[in-house]
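Computed from a predicted structure; not experimentally measured.
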Amino acid sequence: MANEEHFALIVQGADTWNRWWKLNPTIKADLSNVDLRKADLCRAILINANLNKAKLNNANMVDVNLSGANLSEANLSEATLSGANLNEANLSKANLNRANLTRTILVDTNLTEAKLVGANLTRTILIRAQLRRANFTDATLRGANFSSVKFESTILPNGKLWISKSEILAFL
């Protein structure tokens, strides 16, 4: 269950949250199970936050820092995460259907069983991401970097998979 103080701060917006976080950088925010549908969290600092099972559908999360965050089973459908930092985040079983993940950084990110149907991952970096049983049906992957990715039973969209001379996988 979410920490009530953390929830009260985050609903006030990214500026209020970031001021509090800069004074308390060692506290791990607990925002599990919160309802932040359609919230404006643009540029919020949510490093190592617990957002397990959070409802973030249609949220504006442009340039948000979610490195190390737990977003397992979170609903991020139709959220805008362009330019977000999701390094080492846990997005296992997350719903990212129709989410905008353009230019997002997903290095060492766990996307096991994540749903990315119709998501836009244009120019997204997924180096060493775990994509076991992830579903990318109808996703846009133009220019995405899939270097050293684990693709076990992953559903990829119809399209051409291109392997460059540097062994970086990308979709054209």
Side-chain angles (χ1 to χ4, degrees), residues 1-137 139 150 154:
M1 198 62 156
N3 178 299
E4 291 180 26
E5 177 189 5
H6 298 171
F7 181 69
L9 287 163
I10 198 72
V11 295
Q12 293 178 52
D15 290 338
T16 299
W17 175 263
N18 290 347
R19 279 192 298 275
W20 176 84
W21 186 86
K22 287 175 183 174
L23 295 172
N24 302 282
T26 60
I27 294 176
K28 184 176 176 180
D30 186 355
L31 297 165
S32 57
N33 294 296
V34 296
D35 188 343
L36 291 168
R37 288 178 278 195
K38 299 182 181 180
D40 186 0
L41 301 174
C42 187
R43 291 181 294 285
I45 302 169
L46 291 160
I47 297 169
N48 296 317
N50 180 8
L51 289 148
N52 173 256
K53 297 183 181 178
K55 294 174 184 76
L56 294 156
N57 30 322
N58 297 100
N60 177 9
M61 300 176 78
V62 173
D63 296 326
V64 69
N65 189 341
L66 286 157
S67 61
N70 178 9
L71 291 142
S72 61
E73 299 184 60
N75 186 347
L76 293 144
S77 63
E78 300 185 34
T80 302
L81 290 146
S82 57
N85 179 347
L86 287 150
N87 284 341
E88 300 179 5
N90 180 2
L91 287 155
S92 62
K93 298 183 182 180
N95 179 352
L96 292 148
N97 291 340
R98 297 172 306 287
N100 180 349
L101 295 155
T102 57
R103 301 178 338 279
T104 300
I105 302 168
L106 295 156
V107 176
D108 295 315
T109 300
N110 182 356
L111 288 153
T112 300
E113 296 184 39
K115 298 174 200 83
L116 294 120
V117 176
N120 185 351
L121 288 97
T122 302
R123 297 178 54 198
T124 296
I125 299 169
L126 293 116
I127 296 171
R128 294 182 307 276
Q130 296 176 33
L131 302 178
R132 291 180 187 93
R133 296 177 300 284
N135 186 345
F136 287 89
T137 302
K150 296 178 178 88
T154 302

Inset, instruction - State the CG-CG distance between L66 and L46, to the nearest 0.5 angstrom. - result: 5.0 Å
Legend entry - Heavy-atom donor-acceptor pair, N120 side chain to T102 backbone, under 3.5 Å: no
Legend entry - Shortest non-hydrogen separation from L76 to A99 and the atoms involved: O-CB, 3.6 Å
Legend entry - Backbone of D30 reached by a side-chain donor or acceptor of H6 within 3.5 Å: yes
Inset, instruction - Mind listing the closest non-hydrogen atom pair of W17 and I45 along with its distance? - result: NE1-O, 2.7 Å
Inset, instruction - Check L71 against A94 and note the closest heavy-atom contact, atom names and distance. - result: O-CB, 3.7 Å
Inset, instruction - For T124 and R103, work out which heavy atoms get closest and say how close. - result: OG1-N, 3.8 Å
Legend entry - Residue pair L31 / A54: nearest heavy atoms and the distance that separates them: O-CB, 4.0 Å
Legend entry - S82: partners by side-chain hydrogen bond (donor to acceptor under 3.5 Å, both in side chains), with sequence neighbours left out: none
Legend entry - Residue pairs passing the salt bridge (charged side-chain N to carboxylate O under 4.0 Å, His left out) test where at least one lies in residues 68-84, sequence neighbours excluded: E78-R98
Inset, instruction - Please check if the side chain of N52 supplies one atom and the backbone of S72 the other of a donor-acceptor pair under 3.5 Å. - result: yes
Inset, instruction - Heavy atoms only: give me the nearest L86-T109 pair and the separation to one decimal. - result: O-OG1, 2.6 Å
Inset, instruction - Kindly compute the distance separating CG (N18) from OG1 (T16), expressed to the nearest 0.5 Å. - result: 9.0 Å
Legend entry - Value rounded to 0.5 Å, distance of OG1 in T112 from CD in Q130: 5.0 Å
Legend entry - Reported CD1-to-CG distance for the pair I105 and N87, which is rounded to 0.5 angstrom: 6.0 Å
Legend entry - Side chain to side chain, L121 and T104, heavy atoms closer than 4.5 Å: no
Legend entry - Gap separating the CG atom of N57 from the CZ atom of R37, nearest 0.5 angstrom: 6.0 Å
Inset, instruction - Using a strict 4.0 Å threshold on nitrogen-to-oxygen distance, state whether D35 and K55 make a salt bridge. - result: no
Inset, instruction - Hey, could you give me the CE/CG distance between M61 and N100, rounded to the nearest 0.5 Å? - result: 12.5 Å
Legend entry - Heavy atoms from other residues, nucleotides or ligands near CZ of R133 exceed 12 (cutoff 6.0 Å): yes
Inset, instruction - Name all residues meeting the side-chain hydrogen bond (donor to acceptor under 3.5 Å, both in side chains) criterion together with N3; count only those two or more places apart in sequence or in a different chain, and write none if there are none. - result: none
Inset, instruction - Kindly check if the number of other-residue, nucleotide or ligand heavy atoms within 6.0 Å of CZ (R132) is above 12? - result: yes
